[in-house]
Amino acid sequence: MRMSTWIRQHIAALRALLVLTVITGIAYPVAVFAVAQLPGLHDKAEGSLLGQDGRIVGSSLIGQAFTDGNGKALVQYFQSRPSSSGKGDGYDPTSTSFTNLGPESIVDTLDADPADVKRSLLSQVCARSKDIGEREGVSGARPFCTPGGVGAVLSVLGPRDARGRVTKPTKVVSINEACPAKPFLDAYAGVKVDCATPGEDYSTGQIVPLIGDAPSTTPVPPDAVVTSASGLDPHISPAYAALQVPRIAKARNISEAQVQSLVTTHTDGRDLGFLGEPRVNVLELNLDLDRQYPYRG
């Protein structure tokens with residue numbers, strides 16, 4: 001008695017399922033695992049882990065913070081670029097993310113509780129640049145930033161013309177500086193500048209960012225003040241590394257030339273000679289510093 005078409009189709013499907021299960025569920029994973037054990041590939045397959053004093057301290061592929069328990073930068077270590085992955089210091093590989101903030105993010109969301117304040121991308125950049133400048137002994141001033149480290153942005157209220165521009169300001173507010181802070185500017189267009197009241201909406205005013213008198217170039221490079229797309233970038237630019245060399249040398253009581261030599265050792269060039277930019281692996285550099293010039297502080 002011949003099997004029906006329905007039965008034959010289901011038997012064929014079952015055979016295909018068994019064959020594909022063996023190939024993709026057993027043979028392929030075993031083959032990949034075997035290849036991963038070959039010399040030169042094993043360490044990468046295991047996560048490119050780095051150790052010190054017999055313990056794993058991180059991965060050369062994942063950035064991490066070099067701060068104390070209060071989030072303050074440790075003076076003896078090179079600092080990584082900022083991260084927005086996870087809470088606290090970031091660098092959480094289980095919560096890789098970016099901020100979704102772009103060039104138009106210039107207005108902070110202020111709140112009476114400092115923990116609930118949401119800083120715009122501009123204010124984040126300003127604050128980081130200010131902090132890094134103070135830590136490294138250089139000017140962290142940037143265009144469109146106040147001396148206090150927030151975005152220099154005004155809300156100008158008053159009658160408008162046909163193009164929506166305020167023609168005669170009646171009130172001006174520095175919207176990123178919460179009261180009782182003293183505004184970075186005393187007056188604008190002849191009108192006294194007020195600080196911002198947390199929770200008040202100033203979006204009805206004309207939003208005016210002010211470039212200020214800071215130079216267009218700053219010793220604090222871009223990668224020092226903005227996060228990477230993943231928030232886990234283990235590298236910094238040679239420029240950011242060079243900025244930190246004097247601090248590291250002073251903290252470890254060695255010469256700047258000795259520190260710079262290690263920076264050069266851990267600097268990778270462009271991929272294939274033309275892709276990307278030169279970069280410095282921060283964890284590898286800091287581990288090498290500890291091995292060759294232990295911190296005595």
Side-chain angles (χ1 to χ4, degrees), residues 63 65-68 70-84 89-90 99 101-103 105-108 117 119-154 174-178 181-188 193 195-196 208-228 233 235-257 259-260 263-264 267 277-280 282 285-286:
F66 294 90
T67 56
D68 61 17
N70 297 318
K72 185 178 179 180
L74 295 171
V75 296
Q76 70 270 31
Y77 288 118
F78 282 90
Q79 296 300 305
S80 306
R81 66 184 303 177
S83 170
S84 60
D89 293 329
T99 64
L101 301 179
S105 176
I106 62 175
V107 178
D108 300 351
V117 172
R119 292 296 181 187
S120 63
L121 177 61
L122 175 59
S123 285
Q124 290 180 32
V125 168
C126 294
R128 289 166 182 159
S129 189
K130 177 178 179 292
D131 291 344
I132 292 171
E134 292 174 351
R135 185 172 70 232
E136 308 301 345
V138 298
S139 173
R142 305 180 88 91
F144 299 104
C145 294
T146 71
V150 297
V153 183
L154 303 177
S174 177
I175 54 178
N176 292 336
E177 294 182 299
K182 184 180 184 301
F184 70 98
L185 195 65
D186 293 330
Y188 177 81
V193 177
C195 56
V208 181
L210 300 182
I211 190 170
D213 57 2
S216 58
T217 58
T218 170
V220 181
D223 64 298
V225 295
V226 293
T227 66
S228 64
D233 190 349
H235 302 99
I236 58 176
S237 66
Y240 189 23
L243 178 64
Q244 302 182 64
V245 165
R247 168 175 53 83
I248 303 295
K250 180 179 179 180
R252 293 180 182 263
N253 196 28
I254 57 180
S255 70
E256 294 184 17
V259 180
Q260 185 58 53
V263 171
T264 301
T267 299
E277 295 292 334
R279 56 204 181 274
V280 181
V282 181
L285 175 57
N286 283 334

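Keep in mind that this is a model prediction, so the values were computed, not measured.
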Please test V280 against F78 for side-chain contact (heavy atoms from CB on, under 4.5 Å), starting from the C-alpha separation and ending with a verdict.
CA-CA 10 Å; V280 181; F78 282 90; over 6 Å; no
Step by step, would you call L154 with L185 a side-chain contact (heavy atoms from CB on, under 4.5 Å)?
CA-CA 10 Å; L154 303 177; L185 195 65; 4.2 Å; yes
Going through the checks in order, is the side-chain contact (heavy atoms from CB on, under 4.5 Å) test met by V225 and R142?
CA-CA 11 Å; V225 295; R142 305 180 88 91; 4.1 Å; yes
For V220 and K130, run side-chain contact (heavy atoms from CB on, under 4.5 Å): C-alpha distance rounded to whole Å, both residues' side-chain angles, the deciding distance at 0.1 Å, then the answer.
CA-CA 9 Å; V220 181; K130 177 178 179 292; over 6 Å; no
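A 4.5 Å side-chain heavy-atom check between F144 and L122 finds at least one atom pair inside the cut-off. Contact annotation: the side chain of V150 approaches that of R119 to within less than 4.5 Å [non-hydrogen atoms, C-beta and beyond].
Put simply, the side chain of D223 gets close to the backbone of S237: a donor and an acceptor are under 3.5 Å apart. For the pair R279 (side chain) and T267 (backbone), a donor-acceptor distance under 3.5 Å is absent. With D108 contributing its side chain and S120 its backbone, the two residues share a donor-acceptor pair below 3.5 Å. Side-chain N or O atoms of S129 include one that pairs as donor or acceptor with a backbone N or O of G140 at under 3.5 Å. With Q79 contributing its side chain and L74 its backbone, the two residues share a donor-acceptor pair below 3.5 Å. With hydrogens and angles ignored, the 3.5 Å screen pairs no side-chain donor or acceptor of S105 with any backbone N or O of L101.
The two residues A241 and V263 come nearest to each other via the heavy atoms CB-CG1, 3.9 Å. Nearest heavy-atom pair across A152 and F184 is CB-CZ, 3.7 Å. R247 and Q76 get closest at one heavy-atom pair: NH1-N, 4.4 Å. Between E256 and P246, the closest heavy-atom pair is OE2-CB, 3.7 Å. Across all their heavy atoms, H235 and V282 have their closest contact at C-CG2, 4.3 Å. Taking all atoms of both residues into account, the shortest heavy-atom contact from S123 to G151 is OG-N, 2.9 Å.
Under the salt bridge (Lys or Arg N to Asp or Glu O under 4.0 Å) criterion, D68 pairs with no residue, sequence neighbours left out. Annotation: ring pair (Phe, Tyr, Trp, His ring centres under 6.0 Å) contacts of F66 (sequence neighbours excluded): Y77.
The line from CD of E134 to OG of S139 is 10.0 Å long, rounded to the nearest 0.5 Å.
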